[in-house]
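For ligands, and for the atoms within them, numbers begin at 1 and follow the listed sequence.
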Amino acid sequence: MTARPGENLLELTPREALHRLEAFMRAEKLPAYRARQVARRLWADPVATFDDITELPVALRERLAVAFRIPRLEVITRQRSSDGTQKFLFRLHDGQAIETVAIPEGNRVTLCISSQAGCALACAFCATGAMGFQRNLAVHEIAGQVREMRLVEDPIRVTNIVFMGMGEPMMNWRAVDPTLTVLNDPEGLGIGARHITISTVGILPGIVALGERPEQFRLAISIHAPSDALRQELMPINTKYPLSQVIAAAQVFDRRVTFEYVMLGDVNDRVEHALQLAQLARECRAFVNLIPLHPGGARGFKASPNDRIAAFARELKSQGIEVATRKSRGMDIAAACGQLRVERLGRRAPGAPDEHGDVQVA
Ligand code: SAH
């Protein structure tokens, strides 16, 4: 595709975009309030095109469309599960495809967003891991997944965000960092920091960088095994960031962390695992989220039976650990990490695991 002219306003934080628009209005000899009118149409009350900002004179809309861009993400498919979960597959400008899942629960709608196309980490049970790394997403592609929910037919009011779609957010911190600002800023999407969770395999510099942000963003760590030996088998990243270091990072993180633990039948679901996990959770006062395995994409693994999961949860509780078992949602629409893309587009050859470098702390 040929690059379109004009600066992409959705790559900027709301404050940066406002400054940029104010400079534009000054140059056009127009009043400053025009900049604010445009700025609130980027995220807070989004429009599909500049032409839809009907509160502006037509001539100004046309000038804006020459100077700037507000790119959309193209919906390839939208599927609805019988339980109300909706899954979107978006096509990006270079043909990459990413997934977004909207999960309603009571008054809340949690949007599960992607931060990379593909993933380099190759966790053994994960469909995204099997497809390899394609590229990092830009700010407007990550936050744009939330923006699109307001623009699609039958719009969705998102109240909570989890970075649990495709990719490892801490390996794309350069874009995730400003994206958090866009999501949280009242002039942006206005979602409370406590309602935004970043999930990571335990990329240490990323955990430190998130901890340095003043907002109360939540951290979830994919633990999945209570010993280095087992974690190594499931998550190759454990060689670079071993469990003990991840636990130490969680201890110094100044807010409550959640451990994610996917229940793999006969692999990590025995009582002795629960006891070891309880010890780790105690060390950093973590909340434990048990995740039933989504079977799609998890070749060679089977889900733990429900009674096994219940017994595991009971064991953790008896050790004084707070625990919840996540409900599996969207089973009928392949809603686990990476599954829809695999189903639609097939698997691609994995990228070299290190081609994207390490976490970039801006
Ligand atoms: N890379 C980040 C975020 C994306 S995955 C991370 O790993 O935390 C979000 C969560 O879904 C992770 O805990 C991941 O391990 C889990 N997951 C991946 N494949 C799954 C599957 N087939 N069934 C259940 N959970 C899965």
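By the criterion of a heavy-atom distance under 4.0 Å, both the backbone and the side chain of L293 are placed next to ligand 1. Only the backbone of T200 comes within contact range of ligand 1, with a heavy atom under 4.0 Å; no side-chain atom does.
For F125, a nitrogen or oxygen atom sits less than 3.5 Å from a nitrogen or oxygen atom of ligand 1, counting backbone and side chain alike.
We find that D269 and K302 are not joined by a salt bridge, their nearest charged nitrogen and carboxylate oxygen being 4.0 Å or further apart. Salt bridge R270/E315: absent, no basic N to carboxylate O contact under 4.0 Å. Salt bridge absent: D52 and R61 never bring a charged side-chain N and a carboxylate O closer than 4.0 Å. In this structure, D266 pairs ionically with R308, as a charged nitrogen and a carboxylate oxygen lie closer than 4.0 Å. Note on E99 versus K87: salt bridge recorded, some NZ/NE/NH1/NH2 to OD/OE distance being below 4.0 Å.
Residues satisfying the ring pair (Phe, Tyr, Trp, His ring centres under 6.0 Å) criterion with F90, sequence neighbours excluded, are F88.
The ring-ring contact (aromatic ring centres under 6.0 Å, His included) contacts involving residues 11-30 comprise F24-F68, where partners must be two or more places apart or lie in separate chains.
Residue F163 has at least one heavy-atom neighbour below 4.0 Å for each of these atoms of ligand 1: 3 (C). Heavy-atom proximity to V262, at under 4.0 Å, picks out these atoms of ligand 1: 24 (C), 25 (N). Of all atoms in ligand 1, listed by their number and element, those nearer than 4.0 Å to a heavy atom of H294 are 21 (C), 22 (N), 23 (N), 24 (C). Near C126, the atoms of ligand 1 lying under 4.0 angstrom from a non-hydrogen atom of the residue are 18 (C), 19 (N). Listed by number with element, the atoms of ligand 1 under 4.0 Å from a non-hydrogen atom of E168 are 1 (N), 2 (C), 6 (C).
The heavy atom nearest to atom 4 (C) of ligand 1, out of those in S199, A127, G165, is found in G165. The option with the heavy atom closest to atom 14 (C) of ligand 1, from among M170, H224, M166, is H224.
Distances from ligand 1 to the non-hydrogen atoms of G167 include at least one value under 4.0 Å. Under a 4.0 angstrom heavy-atom cut-off, P292 registers as being in contact with ligand 1.
For the side chain to side chain contact (heavy atoms under 4.5 Å, CB included) test with Q116, the passing option among E141, E168, Q96 is E168; the others fail.
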